[in-house]
Amino acid sequence: MPVALLTYADLGARLDISREAARSLARRRRLPRSRSEDGKALVSVDLSALRYTPRPRKSRRADPVDVSMARIEAIKIGAFKAEITRLEDVATAYRQVFERERERAERLAVELQQASVEATAANAWAARLENEMAALRADRRPGGSLAGRAALRLGHLAASIVQADRAARR
C-alpha cells in the first residue's frame with residue numbers, strides 16, 4: 001500500500017484512536033512529519049506496514065476521598081435502613097397494644113352499660129319497696145286488721161325481694 005500523508009485527526013480516525021494518541025504514536029515510531037499549507041502537521045504513514053493495536057484504556061484511579069465518602073454513605077444508608085426496620089417493628093408492637101386496649105375498652109363499655117341498666121332497675125325496685133314500707137307504716141289501706149294487713153304486706157314485700165334478687169342475678 002502506498003504511503004499516505006495524513007493529519008493527526010485523520011490518522012486517529014483510521015486507527016480508531018484520539019488525535020492526541022495519533023500524535024504520540026507518530027512521535028514514538030519516528031514517522032516523518034511535515035507541515036501543510038494551512039499549518040497543520042502531516043504524517044507520512046504506510047498503513048499496511050503500520051501494525052498498531054490500541055492498548056485497552058486504563059481506568060482512572062478513583063479519588064481516595066470519593067471512595068471514602070462512598071463508603072461512609074453506604075454505611076449511613078445501611079444504618080438508616082436498619083433504623084427504619086426497627087421503627088416499623090416498634091410501630092407494629094404499638095399498633096397491637098392499641099388494638100388490645102381498644103377491645104378491652106369496648107368490653108368495659110358494654111359491662112358499664114349493663115351495670116347502669118342493673119343499677120337503674122335496682123333503684124326502681126328499691127323505690128317501690130320503700131313506697132310499700134311507707135304504706136305499711138302509715139296503714140293507709142282500709143279494711144282488715146292491722147296485723148292481717150301487715151302480714152299480707154310482708155308477704156308481698158318478701159315476694160318483691162325474691163323477684164328483685166332473681167332479676168339481679170340475670
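Within the 4.5 Å cutoff, the side chain of Gln163 has no heavy atoms near those of the Arg166 side chain. Using a 4.5 Å heavy-atom cutoff, the side chains of Gln114 and Val110 are in contact.
Sorted pairs that involve residues 17-33 and meet salt bridge (charged side-chain N to carboxylate O under 4.0 Å, His left out), not counting sequence neighbours, are lacking altogether.
A chain of hydrophobic side-chain contacts below 4.5 Å, direct or via other Ile, Leu, Val, Met, Phe, Trp or Tyr residues, connects Leu15 to Val45. Under a hydrophobic clustering in which Ile, Leu, Val, Met, Phe, Trp and Tyr are joined whenever their side-chain heavy atoms come within less than 4.5 Å, directly or via other members, Leu42 and Leu25 fall into different clusters.
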Could you walk me through whether Glu99 and Gln96 pass the side chain to side chain contact (heavy atoms under 4.5 Å, CB included) check?
CA-CA 5 Å; Glu99 292 295 330; Gln96 290 172 350; 5.8 Å; no

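In Glu83, the CD atom is crowded: over 12 heavy atoms of neighbouring residues, nucleotides or ligands sit closer than 6.0 Å. Annotation for Arg102: atom CZ counts as buried by contact number, over 12 foreign heavy atoms lying within 6.0 Å.
In plain terms, the two heavy atoms of Ala22 and Gly12 that are nearest each other are CB-N, 3.7 Å.
Note that the CD atom of Glu118 and the CH2 atom of Trp125 stand 14.5 Å from one another [nearest 0.5 Å]. Note that OH of Tyr8 and OG of Ser24 are 10.0 Å apart. Values are rounded to the nearest 0.5 Å. Going from atom CE of Met69 over to atom CD1 of Ile72 covers 5.5 Å, rounded to the nearest 0.5 Å.
In the hydrophobic clustering (ILVMFWY side chains linked at under 4.5 Å, chained through shared members), Tyr94 is joined by Val90.
Salt bridge Glu103/Arg100: absent, no basic N to carboxylate O contact under 4.0 Å.
Under the 3.5 Å distance criterion, the side-chain polar atoms of Ser160 are matched with a main-chain donor or acceptor of His156.
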